[in-house]
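Report on one structure; see the data block that follows.
In the text below, chain A, chain B and the rest are named by the order of the sequence lines, each starting its count at 1.
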There are 2 protein chains.
Amino acid sequence: MLSQSIEDYLKTIYEVESSEGKVSTSALSEKLGVSPASVTSMVKKLSERKLITHKRYQGVKLTPAGRKIALEIIRHHRLVELYLKEALGVPWDQVHQEAEKWEHVLSEDLEDRIDKFLGYPVTDPHGSPIPRRDGTMIVRQCSALVDVEPETLVKVVEVSDHDPELLRYLGGIGLYPETEMTVISKQPFKGPIIIELTGKEYPIGRNAAKYIMVEEAKN
Amino acid sequence: MLSQSIEDYLKTIYEVESSEGKVSTSALSEKLGVSPASVTSMVKKLSERKLITHKRYQGVKLTPAGRKIALEIIRHHRLVELYLKEALGVPWDQVHQEAEKWEHVLSEDLEDRIDKFLGYPVTDPHGSPIPRRDGTMIVRQCSALVDVEPETLVKVVEVSDHDPELLRYLGGIGLYPETEMTVISKQPFKGPIIIELTGKEYPIGRNAAKYIMVEEAKN
DNA sequence: AAATTATTTTAGTCTTGCCTAAATTCTTTT
DNA sequence: AAAAGAATTTAGGCAAGACTAAAATAATTT
């Protein structure tokens, strides 16, 4: 059995690896809310257990074994998120923090029951793909809303779950995964991006727009 | 926030207090699967926090504050047991071990949602009463099956959840809380108790019969 | 290239919750 | 009432996982 701490590290390493490529001690320190020194010592332990590889001063990489575990945890997390929303009506801005705790206590049996209950879903409430049980995951090609040219019809693929406030705002205007919308304009001087959705226009800050992933919709 | 360990201690103290009256270090040591010395040191800590009172060599007692917490944990445990059975079809002999983990990670919000989903239930799948949110609990008057005189019609009130094997056996013969059955005879020399249930007769070992609580049914 | 700054690692501590072995205290038996 | 036995507590340690402060290394600026 792995400790909750180890599971959190592996999950976070996977996430940083996907979003930033390189996984530095300081990045982990920041994401995990733990001192850099603590990261160094845990990194040492994970290396000894062959869950990651590490070269001093050069960041870490998951081994296949480590990646498998990371994806199991992420699978738990995303299944739980969707389950809480579907079965218990938990609002989508709250599912993340609940799932942070549940992901560590989900048995295989319960995982299967939840998976079945949900009809073997492929994405969570934020549009993130749910890893399959065998440790594979289908990643959809998409770009950040902030990088899209104006006058493009796009479909929302995924929204970051890290900021509940953003999620509440987006939910409020009806912006969910699979929603189609048009990018109207990008205001100058780092101003907001204006989108049109169900006939109305809304501003989205550039920063927020980094966390909204979209794909071009065929017209 | 209380550690999982502290929550387990308080819950166990409550349970031993109810079933045995006195709560000795060794009883806790046994139930918690921990050395007596470890119990002593945790007891010291819980006393300092005013969650229990303790007189050297004389056992411990919950304070009102400690009892409140114990009942919250037990409420979580029992709600989760019932939820897993009702919502996800987990067999009644497995819900206990799952709930042992979930009870520690259930938020107030989720507790309420589950409670509502279940229609504000008053007992768990084993017939144990679910404590109310205010820390009160209704205890039903009942006696152990092993103490019932033959030729009595009884109704099952509660079955201990500590032994999955027993639960599977009982489930197999259709013996659940609220089931009515007749005690036919008690075989001599500590032999089994014979009960009749839906027209068939079944033997129940004396030891098992200690863990089946019943009340006299009005004929 | 040297100096400054930023990142990472080492060294040494702390807390929690467990352990074993030994000492104490209570209980029961003789 | 003394001895034997059982239960409890004390003493001293260990592992996990965090911390701070200081040292080492890398990266950037001058």
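Using a 4.0 Å cut-off between charged side-chain N and carboxylate O, A:Arg78 and A:Glu103 make no salt bridge. With respect to A:Glu111 and A:Arg75, a salt bridge is recorded, a charged nitrogen being found less than 4.0 Å from a carboxylate O. A salt bridge does not link B:Arg67 with B:Glu72: none of the charged nitrogens is closer than 4.0 Å to a carboxylate oxygen. B:Glu15 and B:Lys31 are not joined by a salt bridge, as no carboxylate oxygen comes within less than 4.0 angstrom of a charged side-chain nitrogen. Between A:Arg140 and A:Glu158 there is no salt bridge, since none of the side-chain N atoms of the basic residue sits less than 4.0 Å from a carboxylate O of the acidic one. Salt bridge annotation for B:Arg133-B:Asp112: present, with a cationic side-chain nitrogen under 4.0 angstrom from a carboxylate oxygen.
Within the structure, a side-chain polar atom (N or O) of A:His54 is placed less than 4.0 Å from OP1 or OP2 of C:dT9. Residue B:Tyr9 places at least one side-chain N or O closer than 4.0 Å to OP1 or OP2 of C:dC18. The phosphate of D:dG17 (OP1 or OP2) has a side-chain N or O of A:Ser3 nearer than 4.0 angstrom.
For A:Lys101, the NZ atom counts as densely surrounded, since its 6.0 Å shell holds more than 12 non-hydrogen atoms of other residues, nucleotides or ligands. Heavy atoms of other residues, nucleotides or ligands lying less than 6.0 angstrom from CD of B:Gln187 number more than 12. Taking a 6.0 Å sphere around NZ of B:Lys155, one finds it holds more than 12 heavy atoms contributed by other residues, nucleotides or ligands.
The closest side-chain heavy-atom distance from B:Val214 to B:Cys142 is not below 4.5 Å. Side-chain contact between B:Ile130 and B:Val122 is absent, with no heavy-atom pair separated by less than 4.5 Å.
Residue pairs meeting the ring-ring contact (aromatic ring centres under 6.0 Å, His included) criterion with at least one partner in residues 58-96 of chain A, sequence neighbours excluded, are A:His77-A:His96, A:Tyr83-A:Phe117, A:Trp92-A:His126, A:Trp92-A:Tyr176.
The end-to-end axis angle of the helix from C:dA1-D:dT30 to C:dT30-D:dA1, rounded to 10 degrees and based on five pairs per end, is 10°.
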Distances for protein N/O vs nucleotides 24-26 of chain D N/O pairs under 3.5 angstrom?
from   : atom 1 : to      : atom 2 : distance (Å)
D:dA24 : N3     : A:Tyr57 : OH     : 3.4
D:dT25 : O4'    : A:Tyr57 : OH     : 3.3

Between the protein and nucleotides 11-13 of chain C, which nitrogen or oxygen pairs are less than 3.5 angstrom apart?
none

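Nearest approach of A:Thr12 to A:Leu28, heavy atoms of both residues: CG2-CD2, 3.8 Å. Between A:Ser29 and A:Ser35, the shortest heavy-atom contact is OG-C, 3.7 Å.
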Decide salt bridge (charged side-chain N to carboxylate O under 4.0 Å, His left out) for A:Lys85 and A:Glu98; before the verdict, give the C-alpha distance in whole Å, the side-chain angles of both, and the deciding distance to 0.1 Å.
CA-CA 11 Å; A:Lys85 173 166 170 287; A:Glu98 298 281 356; over 6 Å; no

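Counted by atom type alone, A:Ser24 and A:Ser26 present one or more donor-acceptor pairs between their side chains at under 3.5 Å.
Within 4.0 Å (heavy atoms only), A:Ser5 reaches sugar-phosphate atoms of the nucleic acid but no base atom.
Among the nucleotides D:dC19, D:dG17, C:dC18, the one closest to any side-chain atom of B:Ser38 is C:dC18. Relative to the side chain of B:Thr40, the nucleotides C:dC19, D:dT8, D:dA18 differ in distance, and D:dT8 lies closest. In the set C:dG17, D:dA18, D:dT20, D:dT20 carries the atom at the smallest distance from any side-chain atom of A:Ser35.
Looking at residues 44-52 of chain B, you'll see B:Lys45 sit with a heavy atom under 4.0 Å from some atom of DNA chain C. Of all the residues in residues 15-27 of chain B, B:Ser24, B:Thr25, B:Ser26 reach under 4.0 Å from DNA chain D with at least one non-hydrogen atom.
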